[in-house]
Engineer: 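Handing you a structure now.
Quick note: numbers below take in every heavy atom, side chains included, and nothing from hydrogens, waters or symmetry partners. Convention: sequence-line order gives letters A, B, ...; per-chain numbering from 1.
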There are 2 protein chains.
Amino acid sequence: MSKQELRDAGLKVTSPRVSILHLLEQRKNAHMTAEDIYKTLLAAGDEIGLATVYRVLSQFEEAGLVTRHNFEEGKSVFERNRGGHHDHMVCLDTGKVIEFVNEDIERLQHAVAEAQGYDLDGHSMVLFVRPKPKS
Amino acid sequence: MSKQELRDAGLKVTSPRVSILHLLEQRKNAHMTAEDIYKTLLAAGDEIGLATVYRVLSQFEEAGLVTRHNFEEGKSVFERNRGGHHDHMVCLDTGKVIEFVNEDIERLQHAVAEAQGYDLDGHSMVLFVRPKPKS
DNA sequence: ATGCCTGCAAAGCTTTTGCAGATGC
DNA sequence: GCATCTGCAAAAGCTTTGCAGGCAT
């Protein structure tokens, strides 16, 4: 139950936090902005402030419950964390976001960092793609 | 001579444009923000407006003269384009930016897009690294 | 009871836009 | 000469912060 996750993160179990976590849990592939979340919850009859959404999302990010992405410049989207790491592919025509994992790339990224005398601590990788034209 | 590059891009040769292009040419590895560029030019005695810096950088980006990156959320940095593609590694301790090219990763990125039925149109990849601890 | 949370409004930052005057060609 | 360009100031868009009241524990 996600309430326990909140407690484990040292966060009190409040209605905004539960609503936001639930929403991100339902829309696992949604990658929503703070505003998306705010409007969705309002539309669902929830009473919540936009500032609270921002605050809660930052707390969730710090607690490792969600991940923040910057696919487009100037705004962040959030995604519920569930286990494994993955990267993203964004379709430039439709805006669709596809998740993928490629161990070979991960391994090479480590190697590249090592080669420069560094330890890899994380990465951001987004592939921009277009639908293959029908042949 | 870079004035010709401006003309080729359909841009009039004006003092702000020449200054900005020269500055980015000198600091090839600088990855400067609009504000960095603005302040640097002001300090150098140039007369220029911040809005112009933003406008010119966008025009340069569109013309392919510079590339915009979003290493940190909420602000863009710009880099003069010179030939080949490369990716970046950012040191989380020092903020240092290191450029690298890895053909194997590039190839795998194409393969990953293809596997989903897409054509790869570009990508953004930043490795976050820390100095290897002395053993 | 008390310290953490919330909503609201105001402020902060980066970036964009409207406009009148200036400049390149 | 005329369209393009510039600087300034205002505005826009996303996000953060101050504050007084409210809620979880």
Engineer: By nearest nucleotide on DNA chain C, pick out whichever of B:Gly74 and B:Thr52 is the more 5' one.
Structural biologist: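 Mapping each residue to its closest nucleotide by heavy atoms, the 5'-most match is B:Gly74.
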Engineer: Closest approach to the side chain of A:Ser76, judged atom by atom: which nucleotide of D:dG7, D:dT15, C:dT6 is it?
Structural biologist: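 Closest nucleotide among those given: D:dT15.
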Engineer: Indicate, with a heavy-atom threshold strictly under 4.0 Å, whether B:Ser15 touches base, sugar-phosphate, or nothing.
Structural biologist: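 B:Ser15: no heavy atom of the nucleic acid under 4.0 Å.
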Engineer: Using atom CD of B:Glu47 as one end and atom C1' of C:dA22 as the other, report the distance to the nearest whole Å.
Structural biologist: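 Whole-Å distance recorded here is 13 Å.
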Engineer: Are B:Glu61 and B:Arg55 ion-paired here, with the side-chain N under 4.0 Å from a carboxylate O?
Structural biologist: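 Salt bridge flag = no for B:Arg55 with B:Glu61.
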Engineer: Which nucleotide in the list C:dG7, C:dC25, D:dC14 gets nearest to the side chain of A:Tyr54?
Structural biologist: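 Minimum distance to the A:Tyr54 side chain belongs to D:dC14.
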Engineer: Give the rounded distance in Å between these two atoms: CG of A:Asp8 and P of D:dT25.
Structural biologist: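 Nearest whole value for this atom pair: 13 Å.
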Engineer: Got a second to check how far A:Gln116's CD is from B:Leu127's CG, nearest 0.5 Å?
Structural biologist: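 Separation between the atoms: 10.0 Å.
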Engineer: Say you draw a straight line from CZ of B:Phe128 to SG of B:Cys91; how long is it, rounded to the nearest 0.5 Å?
Structural biologist: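 One finds 12.0 Å between CZ of B:Phe128 and SG of B:Cys91.
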Engineer: So does B:Arg17 reach the base of C:dG24 with its side chain, donor to acceptor, closer than 3.5 Å?
Structural biologist: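 Check fails, no donor-acceptor contact within cut-off.
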Engineer: Taking atom C1' of D:dT6 as reference, at what distance in whole Å does atom CD1 of B:Ile20 sit?
Structural biologist: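 Those two atoms, CD1 and C1', are 11 Å apart.
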Engineer: Would you please confirm or rule out a distance under 4.0 Å between OP1 or OP2 of D:dT6 and any side-chain N or O of B:Thr14?
Structural biologist: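 Answer is yes, contact under 4.0 Å.
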Engineer: Looking at D:dT16, D:dC14, D:dT6, which one has an atom nearest to any side-chain atom of A:Lys75?
Structural biologist: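 Output: D:dC14.
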Engineer: Is any NZ, NE, NH1 or NH2 atom of the basic residue among A:Glu114 and A:Arg107 found under 4.0 Å from an Asp or Glu carboxylate oxygen of the other?
Structural biologist: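 No, no charged N to carboxylate O under 4.0 Å.
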Engineer: So does A:Arg55 reach the base of C:dG7 with its side chain, donor to acceptor, closer than 3.5 Å?
Structural biologist: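 Answer is yes: a donor-acceptor pair is held.
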Engineer: Where the side chain of A:Lys12 is concerned, which of C:dT15, D:dT25, D:dT16 is the nearest nucleotide?
Structural biologist: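 The answer is D:dT25.
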Engineer: Over how many whole Å does the gap from A:Gln4 atom CD to D:dA24 atom P extend?
Structural biologist: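 Nearest whole value for this atom pair: 17 Å.
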Engineer: Just how far, in rounded Å, is C1' of D:dT15 from CD of A:Glu72?
Structural biologist: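 That distance rounds to 16 Å.
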Engineer: Whole angstroms only, please: what is the CD-P distance between B:Glu73 and C:dT15?
Structural biologist: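 It is 11 Å, rounded to the nearest whole Å.
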Engineer: Let's see if you can work this out: which of C:dT6, C:dT16, C:dT15 has an atom nearest to the side-chain heavy atoms of B:Ala51?
Structural biologist: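 The closest nucleotide is C:dT16.
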Engineer: Taking 4.0 angstrom as the limit, do B:Asp119 and A:Arg130 come out as a salt bridge?
Structural biologist: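 Answer for the salt bridge query: no.
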Engineer: With DNA chain D as reference, determine whether A:Thr33 or A:Val13 sits nearer its 5' end, using the nearest nucleotide of each.
Structural biologist: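 Checking each residue's closest nucleotide, the 5'-ward one belongs to A:Thr33.
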Engineer: Find the distance B:Arg68:CZ to C:dT16:P and express it as a whole number of Å.
Structural biologist: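 Interatomic distance, CZ of B:Arg68 to P of C:dT16: 6 Å.
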Engineer: What is the separation between atom CG on A:Leu42 and atom C1' on C:dT6, rounded to the nearest whole Å?
Structural biologist: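 The distance from CG of A:Leu42 to C1' of C:dT6 comes to 14 Å, rounded to the nearest Å.
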